[in-house]
Colleague: 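Have a look at the structure that comes next, please.
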Amino acid sequence: MSELPSERGAEVGRRIGVGLMYGLWRPRVLGAWKVPAAGPVIFAVNHSHNIDGPMVMGVAPRPTHFLIKKEAFVGPLDPFLTGIGQLKVDRETTDRTAITRALGVLESGGVLGIFPEGTRGEGDFASLRAGLAYFAVRSGAPIVPVAVLGSSERSGRLMKGLPPLRSRVDVVFGDPFEAGDGSGRRTRKALDEATERIQKHLAAHLEHARRLTGRRTAGD
């Protein structure tokens, strides 16, 4: 079996994230108490900006292992991301190593972070890939929806491509839910049905998060 990403490394990454995210911006975290204190959990995070992953890592109550596209693991970032327990995934193929390691995180009672839209976009959960359903149904781990709002509203003057320094970014954790139908089936039909259920849950959470924070869109 592939070596599991380091839980200690992920905790180091969380502490680094705390310092950076609270040092550079003003995160407002809502619903973190809803995250199960122990046992396997999957964070399903909307993705409209590159800081969304580090932001969730820094404000989540538990260390998180994110599935991150292999293109991000370049130069010194490769050993750094690996060292803080993050998972490299090749999105162009069925990456068996990444799948095995991600399932290993859940089997050991850890937190797996996934951007179910597959890539950065509108951050509205409108188009989901099947990977999230597969991990949830296969592991039985509950999904916690996470909405990051305000990360892409405008660029800062000092750091282009990043939100303005000290601007507010809202991170809203939702209620955990089960993706499967309780049958344990892992057929293509079962995964398609699970993906549909997940999409409804995530869209409802995003709408709730927008009302709660007063933001109309992921970028507001």
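Keep in mind that the numbers below use all heavy atoms, side chains included, and drop hydrogens, waters and symmetry copies. Because the structure is a prediction, the values reported are computed rather than measured.
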Colleague: Is there a side-chain contact between K70 and R91, using heavy atoms and a 4.5 Å cut-off?
Modeller: no

Colleague: Grab the two heavy atoms, one from K34 and one from F173, that are nearest each other, plus how far apart they are.
Modeller: CD-O, 3.7 Å

Colleague: Quick one: do V148 and N46 satisfy side chain to side chain contact (heavy atoms under 4.5 Å, CB included)? Show the steps, please.
Modeller: CA-CA 7 Å; V148 182; N46 68 322; 3.8 Å; yes

Colleague: Are L212 and V59 grouped together when hydrophobic residues (ILVMFWY) are joined by side-chain heavy atoms under 4.5 angstrom apart?
Modeller: no

Colleague: Provide the closest heavy-atom pair for R168 versus R215 in the form atom of the first, atom of the second, distance.
Modeller: O-NH2, 3.0 Å

Colleague: Are any of the side-chain heavy atoms of S139 and E107 separated by less than 4.5 Å?
Modeller: no

Colleague: Tell me, do L20 and P54 make a side-chain contact under 4.5 Å, heavy atoms counted?
Modeller: no

Colleague: Would F177 and L202 count as a side chain to side chain contact (heavy atoms under 4.5 Å, CB included) if you check the C-alpha gap in whole Å, the side-chain angles of each, and the deciding distance to 0.1 Å?
Modeller: CA-CA 10 Å; F177 67 92; L202 299 187; 4.3 Å; yes

Colleague: How far apart are the C-alpha atoms of L149 and L206, what are their side-chain angles, what is the distance that settles it, and do they pass the side chain to side chain contact (heavy atoms under 4.5 Å, CB included) test?
Modeller: CA-CA 9 Å; L149 304 172; L206 186 59; 3.9 Å; yes

Colleague: Quick one: pull up CZ in R101 and CD in Q86 and give me the separation to the nearest 0.5 Å.
Modeller: 10.5 Å

Colleague: Tell me whether D78 is salt-bridged to K88, with the criterion being a basic N under 4.0 Å from an acidic carboxylate O.
Modeller: yes

Colleague: Okay, side chain of W25, backbone of V169: is any donor-acceptor separation there less than 3.5 Å?
Modeller: no

Colleague: Quick one: does R15's side chain have a donor or acceptor within less than 3.5 Å of a partner on A10's backbone?
Modeller: no

Colleague: Any side-chain heavy-atom pair from I16 and M57 closer than 4.5 angstrom?
Modeller: no

Colleague: State, with a plain yes or no, whether a side-chain heavy atom of Y134 is found less than 4.5 Å away from one of L103.
Modeller: yes

Colleague: Could you state the interatomic distance from CD1 (I143) to CD1 (I114), rounded to the nearest 0.5 Å?
Modeller: 8.0 Å

Colleague: Within a 6.0 Å radius of atom CZ on R166, are there more than 12 heavy atoms belonging to other residues, nucleotides or ligands?
Modeller: yes

Colleague: Ignoring hydrogens and geometry, is there a side-chain-to-backbone donor-acceptor pair from H65 to G85 under 3.5 Å?
Modeller: yes

Colleague: Is any side-chain heavy atom of L112 less than 4.5 Å from a side-chain heavy atom of L87?
Modeller: yes

Colleague: When rounded to the nearest 0.5 angstrom, what is the spacing between CG in D170 and OG1 in T213?
Modeller: 5.0 Å

Colleague: Dump the intermediate steps for side chain to side chain contact (heavy atoms under 4.5 Å, CB included) on L191 and V137, then the final yes or no.
Modeller: CA-CA 8 Å; L191 290 179; V137 171; 4.1 Å; yes

Colleague: Donor-acceptor pair, distance only, cut-off 3.5 Å: does the side chain of H205 make one with the backbone of V172?
Modeller: yes

Colleague: Would a single hydrophobic cluster contain both M21 and L30, if residues Ile, Leu, Val, Met, Phe, Trp and Tyr are joined by side-chain heavy-atom contacts under 4.5 Å?
Modeller: no

Colleague: Are more than 12 heavy atoms from other residues, nucleotides or ligands located less than 6.0 Å from atom CZ of R28?
Modeller: yes

Colleague: Given the side-chain rings of F66 and F43, with only the six-membered ring counted for Trp, is the space between their centroids under 6.0 Å?
Modeller: no

Colleague: Counting C-beta onward and ignoring hydrogens, is there a side-chain heavy-atom pair between P63 and E7 closer than 4.5 Å?
Modeller: yes

Colleague: Give the minimum heavy-atom separation between P116 and L132, together with the two atoms involved.
Modeller: CB-CD2, 3.6 Å

Colleague: Heavy atoms only: give me the nearest G174-V144 pair and the separation to one decimal.
Modeller: O-CG1, 3.5 Å

Colleague: Nearest 0.5 angstrom please: L24 CG to M55 CE, how far?
Modeller: 8.5 Å

Colleague: Keeping the roles fixed (side chain from S167, backbone from P163), state whether a donor-acceptor pair exists under 3.5 Å.
Modeller: no

Colleague: Quick one: closest heavy-atom pair of G58 and Y22, and the distance?
Modeller: O-CE1, 4.2 Å

Colleague: About how many Å separate CZ of F135 and CD1 of I99, when rounded to the nearest 0.5 Å?
Modeller: 5.5 Å

Colleague: Could you grab the distance from atom CG of D95 to atom NZ of K69, nearest 0.5 Å is fine?
Modeller: 15.0 Å

Colleague: Would you call R14 and E11 a salt bridge, taking side-chain N to carboxylate O under 4.0 Å as the test?
Modeller: yes

Colleague: What is the minimum heavy-atom distance between G180 and R197, and which atoms define it?
Modeller: C-NH2, 3.5 Å

Colleague: Do side-chain atoms of T64 reach the backbone of R62 as a donor and acceptor pair under 3.5 angstrom?
Modeller: yes

